[in-house]
Amino acid sequence: MGRKAGTLYINPKKFGSLQKPCLKETLTFLNCMALNNNKDDHCGRQKKLLGDCMDAQAGKNKKPWGSINYHLQRLMKGRK
């Protein structure tokens, strides 16, 4: 079970580290929750920062292109 010989393939794991929005805020909120026995009333500031970051990310335009490997395979079909 592998890829067909001669097909194009890009490893998406290489590009996984390019953009991780709100990672710092998520980690600080989870650490605060862990320190306070999962009581989020003690972590109000971290919760607000995480919510603000997530709201800012939701407003950005994201193009639903699909995976890059799907498009490479689609383009290679047209060449044959």
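Just the heavy atoms: all of them, side chains too, but no hydrogens, waters or symmetry mates, feed the values below.
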What distance do Phe29 atom CZ and Asp40 atom CG have between them, rounded to the nearest 0.5 Å?
5.5 Å

Taking side chain to side chain contact (heavy atoms under 4.5 Å, CB included) as the definition, give me every residue that meets it alongside Cys32, ordered by chain and number, with sequence neighbours left out.
Asn36, Cys43, Gln46

What's the shortest heavy-atom distance between Glu25 and Thr28, and which atoms?
O-OG1, 2.9 Å

To check you understand the geometry: which heavy-atom pair defines the closest contact between Lys39 and Met33, and what is its length?
C-SD, 4.1 Å

Please report the interatomic distance CG(Leu30) to CG(Leu35), rounded to the nearest 0.5 Å.
11.0 Å

What is the distance from atom CG of Leu50 to atom CZ of Arg45, rounded to the nearest 0.5 Å?
13.0 Å

Which pair of non-hydrogen atoms, one from Cys22 and one from Met54, has the smallest distance, and what is that distance?
SG-N, 3.7 Å

